[in-house]
There are 2 protein chains.
Amino acid sequence: MGTVIEPRLSKGEATRERILEIAEAAVLTKGFGATSIDEVIAEAGLTKSGFFYHFKDKNALAREMLRRYVATNDQLFDDIFARGRALSDDPLQAFLISLKLLAETMADLPSGHPGCLIASICYQERLFDREVRELTAQSVRDWNARFRRIFDGIATVYPPCEPVDLDDLADALSCIVDGAIIMSKTLNDPKKLEQQIMLFRGFVKLLFAPN
Amino acid sequence: MGTVIEPRLSKGEATRERILEIAEAAVLTKGFGATSIDEVIAEAGLTKSGFFYHFKDKNALAREMLRRYVATNDQLFDDIFARGRALSDDPLQAFLISLKLLAETMADLPSGHPGCLIASICYQERLFDREVRELTAQSVRDWNARFRRIFDGIATVYPPCEPVDLDDLADALSCIVDGAIIMSKTLNDPKKLEQQIMLFRGFVKLLFAPN
DNA sequence: TCAATTACTGTACCCATGGTATGGTTTTCT
DNA sequence: AGAAAACCATACCATGGGTACAGTAATTGA
């Protein structure tokens with residue numbers, strides 16, 4: 001627990017990671033279009049030539065940033081839902097636990113959630129090539145499908161007390177998280193995200209829990 | 001119905017409006033930082049001098065864009081919730097009707113919702129001055145307070161079947177709308193927005209409706 | 001209708017930044 | 001030691017935000 005096995009990075013890979021991390025933080029606060037390569041390399045401590053050695057252009061940077069972001073998020077979801085299932089055999093209970101874990105994870109972020117890269121890209125779509133946009137769409141579809149499977153499992157055991165479209169319900173989680181991140185950032189109140197996840201949890205309970 | 005009284009605009013005001021409309025569309029698809037004044041004036045059919053006659057700099061443009069966006073949205077909410085109240089004296093029914101109207105309004109947008117300017121700004125905060133950021137925060141607070149008052153009215157008549165924080169519930173509407181707009185845009189599926197509003201409507205019903 | 005605003009156009013210019021190209025140099029690894 | 005990887009230096013171009021200022025066309029109110 002807590003120990004992550006970091007595959008040993010070559011110097012080049014380490015630099016790439018550093019660039020991606022710095023760029024991501026910049027993109028989430030200023031947008032992709034307004035993130036200058038100059039400031040990224042300044043913070044990363046390398047020259048422009050060094051940057052273009054790693055990424056052939058700005059769009060390549062976007063692609064790799066996105067891949068990294070999606071992979072990290074996938075990993076987080078894998079962990080959280082696996083832990084939920086480990087703590088309860090009941091699909092509903094497992095999901096409720098996982099939502100709680102998700103809320104706690106978000107609440108533990110030191111200065112709030114830094115932002116969703118997919119939302120950021122969505123509001124700057126014209127800046128990106130087809131590949132980047134297709135990657136964002138596919139990631140969202142994958143997450144929705146993941147949640148949908150979970151709700152399927154729940155609904156077979158606990159029929160919902162009101163008719164509900166499970167696809168919409170699955171979509172709702174991503175929507176709420178993305179929307180709450182925006183509200184947290186806009187109001188400078190990190191708690192909103194946690195609160196909205198817990199509110200959604202309450203609805204899921206209300207919808208599926210017997211009684 | 002349908003007829004809006006347009007206050008007669010002077011030529012200058014008309015140009016300002018045109019600039020703001022073009023700029024807003026550009027900002028919502030490319031971001032503020034990547035929206036060049038050159039392209040805006042090209043589309044608006046005026047020169048750079050003409051632009052700076054109306055707006056002293058890019059931040060002034062952002063401010064006016066935002067004011068316009070907020071005013072339009074406020075007007076929409078005023079209309080929709082007034083119509084809901086006109087159609088039912090019961091606060092819950094009135095709200096459910098309004099949510100339906102909201103969902104329909106969103107569904108009727110020709111090519112989906114163009115995007116939320118506040119979300120766009122939120123993902124480019126560092127580009128804007130304090131005034132713009134304060135304006136976004138205040139707008140969100142106002143909308144949340146508006147919804148909160150409505151839920152207050154409902155809760156006094158219909159006590160919720162489960163304990164729920166009405167502030168969080170009020171926040172949820174903005175979150176869901178913002179999140180669903182992002183999903184709609186990312187997946188290029190305008191229906192998501194309508195579906196999420198109707199799902200939220202279902203939860204409200206489940207929470208407050210007797211039985 | 002005429003004068004005063006208002007609403008622009010045109011030109012010229014400054015500086016920062018994104019991005020490209022290319023050739024050379026150092027580091028790292030085997 | 002030698003090859004590949006990981007850079008650095010320099011030069012260059014186009015674009016974009018922004019300023020300054022002089023002139024002109026269109027509106028508008030008295």
Side-chain angles (χ1 to χ4, degrees), chain A residues 6-65 120-121 124-129 131-132, chain B residues 6-27 29-66 120-121 124-129 131-132:
Chain A
E6 311 243 3
R8 219 184 120 66
L9 298 178
S10 73
K11 198 195 173 200
E13 289 167 327
T15 303
R16 275 172 71 91
E17 272 301 303
R18 212 167 66 248
I19 292 173
L20 288 171
E21 200 167 316
I22 290 165
E24 185 176 317
V27 166
L28 288 175
T29 54
K30 322 199 321 181
F32 186 74
T35 296
S36 76
I37 296 178
D38 277 346
E39 67 169 316
V40 171
I41 62 180
E43 203 176 331
L46 82 169
T47 64
K48 212 178 233 188
S49 323
F51 174 87
F52 283 105
Y53 169 78
H54 289 286
F55 306 95
K56 82 172 222 284
D57 56 22
K58 233 183 157 190
N59 243 304
L61 173 69
R63 263 200 312 277
E64 293 311 308
M65 254 175 57
S120 172
I121 290 172
Q124 306 176 55
E125 28 155 357
R126 291 270 158 268
L127 299 184
F128 302 95
D129 56 34
E131 193 182 344
V132 169
Chain B
E6 310 243 4
R8 219 186 122 63
L9 297 179
S10 73
K11 199 195 174 200
E13 287 167 328
T15 303
R16 274 173 72 90
E17 271 302 301
R18 211 166 68 248
I19 292 173
L20 288 171
E21 200 168 316
I22 291 165
E24 184 176 316
V27 167
T29 54
K30 321 198 324 179
F32 185 75
T35 296
S36 74
I37 296 178
D38 278 346
E39 68 169 316
V40 172
I41 62 179
E43 202 176 331
L46 81 169
T47 63
K48 210 180 228 186
S49 322
F51 175 87
F52 284 106
Y53 170 77
H54 288 286
F55 305 97
K56 81 172 223 285
D57 57 21
K58 230 185 159 192
N59 243 302
L61 173 70
R63 262 199 313 277
E64 294 311 309
M65 255 175 57
L66 186 53
S120 172
I121 289 173
Q124 305 177 54
E125 28 155 357
R126 291 271 159 267
L127 299 184
F128 302 95
D129 55 34
E131 194 182 343
V132 169

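All chains are named by letter (A, B, ...) in the order of the sequence lines, taking the proteins before the strands, and each is independently numbered beginning at 1.
In this structure the side chain of Q124(A) reaches within 4.5 angstrom of the side chain of Q124(B), judged on heavy atoms. At a threshold of 4.5 Å between non-hydrogen side-chain atoms, the residues L20(B) and L61(B) count as touching.
Rounded to whole Å, the distance from NZ on K48(A) to P on dG19(C) is 8 Å. Atom CG in D57(A) sits roughly 19 Å away from atom P in dA14(D) (whole-Å rounding). Rounded to a whole Å, the CG atom of L127(B) is 12 Å from the P atom of dG17(D). We find that CG of L46(A) is positioned 14 Å from C1' of dA5(D), with the value rounded to whole Å. Straight-line distance from the CD1 atom of I37(B) to the C1' atom of dA16(C): 15 Å, rounded to whole Å. F32(B) has its CZ atom 13 Å from the C1' atom of dG16(D), to the nearest Å. F52(A) places its CZ atom 14 Å from the P atom of dC8(D), with the value rounded to the nearest Å. One can place CD1 of I41(B) at 15 Å from C1' of dA7(C), the figure rounded to the nearest angstrom.
S36(B) comes within 4.0 angstrom of the backbone, heavy atoms only, and of no base. K58(A) comes within 4.0 angstrom of sugar-phosphate atoms only, judged by non-hydrogen atoms across all strands, and of no base.
The two residues I41(A) and D38(A) have their closest heavy-atom pair at CG1-O, 3.1 Å.
Put simply, Y53(B) has no side-chain N or O that comes within less than 4.0 Å of OP1 or OP2 on dC8(C). OP1 or OP2 of dC8(C) lies within a sub-4.0 Å distance of a side-chain N or O belonging to T15(B). A sub-4.0 Å separation between OP1 or OP2 of dC8(C) and a side-chain N or O of H54(B) is present. Checking the phosphate oxygens (OP1, OP2) of dC8(D), no side-chain nitrogen or oxygen of S49(A) falls inside 4.0 Å.
Within a 6.0 Å radius of CD in E21(A), other residues, nucleotides and ligands contribute 12 heavy atoms or fewer.
Expressed to the nearest 0.5 Å, how far CD of E24(A) lies from CD of E64(A) amounts to 12.5 Å.
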